[in-house]
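Heads up: the structure comes next, in structure tokens.
Worth knowing before you read on, the calculation uses all heavy atoms, side chains too, and leaves out hydrogens, waters and symmetry mates. The structure displayed is predicted, hence computed values, not measured ones. So you know, we letter chains A, B, ... as the sequences are listed, proteins then strands, and number each from 1.
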Amino acid sequence: MKIPDKRLHMLLLLLLLLLISMVLSASIGVADISSADTGRIILERVLGISAGEEVEDSWRAIILNIRLPRVILGLLVGASLATAGVAFQGLLQNPLADPYTIGVSSGAAVGATLAFLLPLAGLVPQVLVVPVFGFLGGGAALFAVYQLAKVGGKVPVVTLLLAGVVISSFLSAIISILMIFAGEALRGIFFWLAGGLAGRGWSHVAIITPYFLLGSSILFFYTRDLNLILMGEEAASSLGVEVERVKKIVLIAASGVTAAAVSVSGMIGFAGLIVPHAMRIVVGPDHRYLLPASALAGGIFLIWADVFARMFLAPSEIPVGIITAFLGAPFFMYLLRKKRHDYRF
Amino acid sequence: MAVTLIVENLTFRYQSTPVLGGVNLEVKKGEFWGVIGPNGSGKSTLVKNMAGLLLPQEGVVFLEGWDLKSLIRSTLAREVAVVPQDTMTGFNFFVEEVVGMGRAPYQGRFQRESARDRELVRRAMELTGCMELKDRHINDLSGGERQRVILARALAQEPRLLLLDEPTSHLDIGYQTEIFDLLNRLNEEERITIISVLHDLNLAAQYCHKLLLLQEGRVYACGPPEEVITYENIKEVYRTRVVIDRHPLTSTPQVLLIPESREKDRLEEIPYRRLHFIAGGGSAGELFRKLCSMGVQVSTGVLNIGDSDWQEAKNLGLQVVEEEPFSPVGEGAHRKNLELLKEADAVVITGVPFGYGNIKNLEAALEACRAGKRVFILDDLSYARRDYTGGKAAEYLRRIKQEEGACSAGSREELLRCLKE
């Protein structure tokens with residue numbers, strides 16, 4: 001068959017684009033380091049091939065300790081949000097679902113904020129506490145939104161968006177209250193919430209990586225079931241899918257991935273919306289291709305959004321969440337207006 | 001195993017609203033069932049219970065002896081395929097991808113489709129006429145095309161039981177016939193057992209071997225179409241009066257609707273529930289139909305096999321006492337005729353000529369008359385043209401009329417008016 005081959009080629013192409021993006025974006029910054037040198041420094045670190053005499057040690061420090069972790073974090077956050085977006089859209093059979101619009105991000109933010117404020121820091125490693133609290137918060141928000149939006153076993157676009165707005169506003173109010181009590185931690189929380197990758201390092205990469213790998217593997221495992229669920233839950237059921245179980249697992253995995261992303265980078269909206277839609281045009285709606293394609297493209301998208309965020313007003317930075325919102329909100333409006341017919345809502 | 005599906009005392013409620021109450025059903029392998037009933041009678045819910053998509057609060061559904069609750073979904077999906085009513089999907093797959101999903105129950109999670117899978121998908125598309133649609137998007141299709149694609153997906157599942165929920169509700173009669181001819185072929189050639197919810201009673205009577213008529217979640221009638229599609233059943237369940245006719249080619253019952261403006265012209269109900277006809281030679285034909293459509297139970301006899309009234313009575317599914325072609329009425333048939341006469345509320349003698357072959361029928365009528373049965377005589381033929389027994393028949397008729405006070409009518413219309421009174 002012709003189509004799957006084309007889709008596989010597309011995945012390989014995206015992977016290639018991602019690798020190029022990583023090297024290129026790591027070479028962009030205030031310190032002028034060429035992309036060739038950046039590539040050499042990375043290869044030296046990974047494969048042990050000497051980068052050569054002309055590469056300065058300070059460059060190595062900048063690339064390996066500052067830029068590369070940030071690029072990798074961008075990749076992981078983008079991939080996480082896009083993957084979660086695909087899962088939510090598929091499961092809710094709703095093209096406007098995204099971790100941000102359905103309130104999961106807000107819920108995770110409340111959880112993570114609580115984790116920052118509670119005097120747990122010394123007791124349990126942060127790698128566990130923040131994402132777990134984020135996961136609990138995100139899961140609770142999702143549950144609330146789902147229950148609110150459900151009409152006769154389905155989740156129509158309109159009620160989903162309304163429920164997302166209501167729950168998100170409520171959660172924002174909770175965050176505001178928490179911030180009043182935050183005292184010294186306020187500035188930190190504020191910056192983290194705005195959604196950005198500034199000042200993040202390897203420790204953050206370490207936090208998100210296990211959650212992303214585990215969560216996206218689980219989601220990938222259920223991609224075929226997601227395809228069938230798109231035919232309607234009853235149809236999926238009659239085609240052999242244990243729908244209720246799959247729903248639970250996918251929702252938990254997607255919330256977990258979202259929570260991990262929110263824990264390290266705050267609220268970055270719309271990445272989970274734009275990327276899956278773009279990828280559907282490229283590889284079609286089959287989740288077996290759509291999910292990996294969205295993960296790769298989500299990584300590429302956020303890496304470049306972050307480059308823009310740190311270079312636009314350099315040396316000061318814009319939170320990357322603002323960039324994605326600038327791109328995402330108009331796209332969302334476009335979908336709401338133009339795609340109404342395609343998705344029949 | 002002979003039995004494919006057994007529904008035992010099935011009770012289902014949505015929240016606290018009862019939908020099905022104590023439904024029992026036994027579907028044998030290779031049968032073609034239609035589930036009919038008014039809106040909200042629980043047809044779809046029953047089919048969903050049979051598919052294991054809904055689990056009953058009480059009662060059991062057995063598939064080849066297995067309780068549906070104990071079967072895992074993928075096992076069930078290899079046995080039972082479902083064609084749902086609503087076939088809209090949220091995202092735009094290619095038709096070929098959708099049909100390919102029918103192979104999901106047979107494939108491992110990341111398994112590529114095998115040559116056999118591809119062959120079955122191709123065959124399912126060919127059978128349903130979806131081949132030319134294969135590179136189109138599912139949501140770009142018309143309702144009828146989409147329905148065929150979903151049917152193809154169900155066939156790709158290689159089911160032994162196919163459940164359909166109003167598979168032709170969006171289709172014009174061309175597609176309706178096409179789909180049901182296809183289902184009929186699948187049923188006959190592939191031995192797939194089929195249970196379909198149907199709105200169209202004529203379609204149901206035409207194609208299904210057995211019908212299940214539901215009323216408010218209970219089985220009202222169950223059996224072959226001619227037993228289920230009757231004037232009484234339809235009137236009781238659908239709360240509307242109809243004319244039941246026979247299909248001229250297949251003689252299955254067909255339901256004809258009566259518009260309100262015509263309803264007024266109809267004769268009032270006839271006070272007799274059962275009428276027995278002494279008829280023959282086409283003298284009764286039209287009356288049989290009229291009375292049947294008014295809900296009167298009609299029996300007749302003795303008629304020779306092949307007689308035109310015999311044919312009409314058979315077409316209408318009436319109770320007939322029959323005798324060999326061109327043979328005089330024998331003792332056995334005569335006795336049976338007397339029994340039917342006894343059960344009837346009144347007797348009608350049509351303008352049939354009497355000879356030595358059928359004079360016994362007139363004797364029987366006279367006997368019934370003497371026993372106090374009301375008798376109506378259609379006198380649209382002179383005695384000279386009806387009596388071929390040298391005066392015997394004329395004598396009997398006179399006695400029935402004069403001694404026993406039978407009602408005599410000069411035309412069919414007059415007879416109907418007499419019956420009404």
Side-chain angles (χ1 to χ4, degrees), chain A residues 1-5 7-8 86 89-97 152-157 220-246 276-277 279-281 283-290 292 339 341-345, chain B residues 14 44 47-48 50-54 71-94 96-98 100-113 117-118 121 134-135 137-140 149-150 153-154 156-157 159 161-163 165:
Chain A
M1 291 225 303
K2 236 165 54 191
I3 304 162
D5 289 348
R7 292 184 292 197
L8 272 181
V86 168
Q89 286 164 22
L91 202 68
L92 301 173
Q93 298 171 57
N94 191 318
L96 294 183
K154 286 196 170 178
V155 185
V157 174
F220 190 60
F221 189 71
Y222 285 104
T223 43
R224 206 193 54 176
D225 305 64
L226 278 174
N227 284 347
L228 298 172
I229 284 174
L230 281 187
M231 294 287 113
E233 287 184 16
E234 282 184 353
S237 211
S238 70
L239 287 164
V241 179
E242 305 278 355
V243 173
E244 287 309 314
R245 204 189 64 199
V246 171
H277 273 279
M279 287 305 104
R280 251 182 223 109
I281 296 168
V283 297
D286 187 336
H287 284 94
R288 285 173 293 189
Y289 299 92
L290 180 62
K339 292 284 183 173
H341 175 72
D342 288 16
Y343 298 112
R344 322 213 179 217
F345 52 80
Chain B
Y14 279 115
S44 296
V47 165
K48 280 176 190 170
M50 289 172 175
L53 295 175
L54 295 175
L71 293 176
I72 59 166
R73 287 242 67 99
S74 53
T75 309
L76 193 53
R78 294 180 197 185
E79 303 290 324
V80 182
V82 181
V83 176
Q85 201 171 359
D86 176 20
T87 54
M88 220 40 234
T89 72
F91 296 88
N92 237 347
F93 283 92
F94 285 109
E96 197 173 12
E97 290 178 298
V98 174
M101 287 181 191
R103 298 303 300 157
Y106 297 88
Q107 292 163 339
R109 249 164 222 295
F110 296 105
Q111 203 180 324
R112 303 277 282 184
E113 50 188 4
D117 288 335
R118 273 197 297 277
V121 167
K134 82 182 187 21
D135 293 324
H137 282 121
I138 179 87
N139 283 350
D140 296 343
V149 173
I150 300 302
R153 187 185 71 196
Q157 278 175 261
L161 173 63
L162 185 58
L163 297 170
D165 191 353

Pick whichever of [options] has the most heavy-atom pairs under 4.5 Å with chain A.
options                         : answer
Ala77(B), Gly52(B), Ala51(B)    : Ala77(B)
Arg78(B), Gln107(B), His137(B)  : Gln107(B)
Ala104(B), Pro105(B), Pro159(B) : Ala104(B)

### Considering all heavy atoms, the nearest Leu230(A)-Phe93(B) contact
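For Leu230(A) and Phe93(B), the tightest heavy-atom pair comes out as CD1-CE1, 3.5 Å.
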### Message
How close do Leu239(A) and Met101(B) get, counting heavy atoms only, and between which atoms?
### Response
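Distance-wise, the nearest heavy atoms are CD2-O, 3.7 Å.
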### Message
Please report the interatomic distance CZ(Arg153(B)) to OG(Ser238(A)), rounded to the nearest 0.5 Å.
### Response
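Spacing of CZ (Arg153(B)) from OG (Ser238(A)) equals 6.0 Å.
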### Message
Quick check for you: to the nearest 0.5 Å, what is the distance between Asn92(B) atom CG and Arg280(A) atom CZ?
### Response
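Between Asn92(B) CG and Arg280(A) CZ, I get 10.5 Å after rounding to 0.5 Å.
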### Query
Is there a donor-acceptor contact under 3.5 Å from the side chain of Glu242(A) to the main chain of Arg73(B)?
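Side chain of Glu242(A) to backbone of Arg73(B): a pair is present.
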### Task
Please look at Ile72(B) and chain A and tell me whether the side chain, the backbone, both or neither of the residue comes under 4.5 angstrom of a heavy atom of that chain.
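Interface part for Ile72(B): both.
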#### Entry: Heavy-atom contact with chain A under 4.5 Å, split by part of Leu76(B)
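Neither the backbone nor the side chain of Leu76(B) comes within 4.5 Å of chain A.
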### Message
Report which part of Val241(A) has an atom under 4.5 Å of a heavy atom belonging to chain B: side chain, backbone, both, or neither.
### Response
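For Val241(A), the backbone is the part near chain B, not the side chain.
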#### Entry: Salt-bridge criterion met for Arg7(A) and Glu97(B) (N-O under 4.0 Å)
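Between Glu97(B) and Arg7(A) there is a salt bridge, with a charged N closer than 4.0 Å to a carboxylate O.
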